Novice: 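What follows is a single structure, and I will ask about it in a moment.
The structure presented is a predicted model; accordingly, all values stated were derived computationally and were not measured.
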Amino acid sequence: MILCETIKSKMEAIRSEFPTEQALLLPLLHEIQAKEGWVSEGAMREASEFLHLPLAKVKEVVTFYTMYNRKPVGKYHIQVCTNIACFLRGSDQLVACFEKKLGISCGETTADRKFTLSEVECLAACGTAPVMQVNNDYHENLDESSCQALIDRLS
Amino acid sequence: MGNGLGKELKKEVELMSELFLTTKDQIPDSHTISVYRSKLQGYAGLEKALTMTRDEVVDQVKKSNLRGRGGAGFPTGMKWSFMPKEPKHPDGSPKPKYLVCNADEGEPGTFKDRLLLNRYPHKLIEGMAIAAHAIGASRGWIYVRGEFYQEIVILKKALEEAYAQGFLGKNIMGKGFDFELSIYRGAGAYICGEETALLNSLEGKRGEPRLKPPFPAMVGAFGMPTCVNNVETFCSVVGILRDGPEAFAKVGTERSGGTRLFCVSGHVEKPGVYELPLNITLRDLISHCGGVKGGKKLKAVIPGGASAPMLSAEEIDVAMDFDSLMKAGTMAGSGGVIVMDETVCIVEAAARLLKFYEHESCGQCSQCREGSHWLARLFHRIETGHGDTKDLDTIARLCSNMAGQTICAFADAVTGPALSSLKKFRKEFEAHITEGCCPLKKPGQKAPHFLEHHDHVTL
């Protein structure tokens with residue numbers, strides 16, 4: 001069971017905030033991902049049963065939003081913004097630096113399942129570009145040496 | 001070159017304006033209710049609003065000439081006045097009215113809402129409570145982009161504090177006014193910044209924009225009359241109620257009052273969020289941010305977030321209010337100013353933006369789904385030296401088949417960078433085609449990552 005009592009009680013706690021049950025879908029998927037690291041087929045099925053929704057309604061939501069991982073990711077999910085503002089301030093060098101240091105390309109996970117590297121669109125922190133997100137945390141004003149240091153610290 | 005904004009032209013801009021959204025010096029712990037109340041006159045605006053009738057509050061906002069800060073620049077007071085007074089179900093029972101805050105900040109180049117959520121979450125809550133009173137809403141949601149995890153943590157704490165001190169919930173400030181407010185976390189979709197896509201997302205669905213009419217004021221969240229405003233709009237309302245609409249209206253221009261948070265990024269010495277009057281010129285704004293980085297020459301500026309058509313270095317003597325920028329053929333949008341210096345290849349910059357739009361098109365309308373994909377490939381092809389002169393006509397033709405042809409304004413947004421870059425820097429496009437490579441790249445220089453990993457199509 002992916003939908004444990006903790007997740008279920010969290011959903012019950014916010015149920016009264018919404019006029020429909022379907023509105024709980026995004027929060028529920030966030031909880032599932034926080035626990036599992038990704039949203040599996042099995043998790044989607046459990047979510048559809050819990051919220052009394054057709055499986056297709058769950059699947060179409062999971063596939064629409066980029067934050068829901070549809071395959072497992074590493075312990076640290078490094079998401080580098082490469083949109084225009086970060087691009088102008090050197091995000092390309094950061095991506096190259098991570099690819100070299102981790103020996104993987106964007107979209108891949110290291111063999112020890114420690115790091116996943118992704119390229120993402122604007123994170124809304126352009127004033128401190130280039131930026132990236134590692135799991136839930138923003139890292140800003142980056143350069144190659146700060147990225148190297150971060151990987152060394154997390155490795 | 002008189003238009004370069006190098007060090008020689010750096011000048012101090014006279015900043016006479018008072019601030020409505022931020023403070024000159026950062027106040028520590030401004031996110032807590034105790035500091036907000038003791039140092040920032042917190043909840044004084046709400047207190048005043050609750051002594052007025054709903055119509056009086058709407059009138060105050062109308063008088064302030066506040067225009068929505070999310071991108072469209074629609075007059076806020078007017079938007080509020082569109083909300084039905086006593087909506088009823090067919091059986092005669094009253095319909096609830098909802099209030100939604102759009103905190104799905106995602107327009108490339110925009111990062112002001114993040115600052116407001118981090119430092120002044122109570123200002124947003126206060127602004128929303130004022131708005132809820134004005135439109136008669138009993139419940140509201142703050143839709144925050146999913147990536148803003150830390151901001152959500154701060155906001156949650158602020159909501160708890162506001163409930164505990166009686167600024168939310170039942171019988172607010174003892175005035176018999178009830179308003180429930182909670183957070184909804186998005187999950188990574190640029191299109192959810194479009195208000196009807198946001199409403200679908202809030203209902204637990206795919207964030208696809210809805211056909212309008214009906215507008216959200218009639219059929220909004222969960223089918224009920226709903227008003228959606230941006231974070232900065234709500235925060236601006238607080239100062240308007242507290243200090244009176246005249247103080248706000250006298251800053252800015254005749255048709256758009258107040259200060260605005262300008263988000264300056266790219267090649268400037270001091271990127272960041274700056275609260276400035278709306279009538280500041282783009283030239284002065286760039287100067288205020290220390291001028292172009294490294295004293296280089298300015299090449300182009302995107303003045304209102306990625307979707308706003310670019311301006312060339314010759315066009316920066318324009319005021320940053322909604323009307324002036326529209327007259328200049330671009331838009332004030334979300335206040336995201338992206339500065340590009342002389343080293344930037346415009347084709348490459350536009351190609352990067354189009355890759356973004358290709359990724360973010362929701363896919364409902366074929367013109368947008370196919371068009372954004374096709375444009376991204378065309379720009380890719382030109383930048384990598386495989387372009388053809390007829391591609392330039394294709395770009396223009398594609399754009400004319402997209403703008404105004406779809407359910408929402410996303411397709412129009414795509415054409416912003418595509419058409420403006422081509423129109424203003426056509427020679428650069430032609431040079432790529434005739435030279436068969438990017439003329440700004442040094443021999444042997446590596447192509448950027450996004451070009452390497454995405455193929456262009458043979459048309």
Novice: Please classify the contact between B:K112 and chain A as side chain, backbone, both or neither, with a heavy-atom cut-off of under 4.5 Å.
Specialist: neither
Novice: Under 4.5 Å heavy-atom distance to chain A, tell me which part of B:R206 shows up: side chain, backbone, both or neither.
Specialist: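 Both parts, heavy atoms under 4.5 Å.
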Novice: Could you tell me which portion of B:S201 (side chain, backbone, both or neither) has an atom closer than 4.5 angstrom to a non-hydrogen atom of chain A?
Specialist: both
Novice: With a 4.5 angstrom heavy-atom cut-off, could you sort out which part of B:C362 is near chain A: side chain, backbone, both or neither?
Specialist: both
Novice: Can you tell which of A:L28, A:L25, A:I84 has the highest number of heavy-atom pairs within less than 4.5 Å of chain B?
Specialist: A:I84
Novice: For B:V273, is it the side chain, the backbone, both, or neither that has a heavy atom closer than 4.5 Å to a heavy atom of chain A?
Specialist: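 Answer is neither: B:V273 stays 4.5 Å or more from chain A.
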Novice: Taking side chain as everything from C-beta outward and backbone as N, CA, C, O, which of these in B:L115 sits under 4.5 Å from a heavy atom of chain A? Side chain, backbone, both or neither.
Specialist: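 Contact with chain A is absent: no heavy atom of B:L115 under 4.5 Å.
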Novice: Quiz question: by atom type and distance under 3.5 Å, do the side chains of B:E180 and B:Y163 form a donor-acceptor pair?
Specialist: yes
Novice: Identify which part of B:Y190 has an atom lying under 4.5 Å from any heavy atom of chain A, answering side chain, backbone, both or neither.
Specialist: neither
Novice: For B:R114, is it the side chain, the backbone, both or neither that has a heavy atom under 4.5 Å from a heavy atom of chain A?
Specialist: side chain
Novice: If I measure from the heavy atoms of chain A, does B:V264 come under 4.5 Å with its side chain, its backbone, both, or neither?
Specialist: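 Just the backbone, heavy atoms under 4.5 Å.
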Novice: Quick one: what part of B:F356 sits under 4.5 Å from any heavy atom of chain A, side chain, backbone, both or neither?
Specialist: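 Its backbone and side chain both get close to chain A.
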Novice: Verify the distance criterion only: is there a donor paired with an acceptor across the side chains of A:S146 and A:D143 at less than 3.5 Å?
Specialist: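 Judged by distance alone, the side chains do pair up.
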Novice: Do A:T20 and B:E203 have a side chain donor and acceptor closer than 3.5 Å?
Specialist: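 There is no such pair between these side chains.
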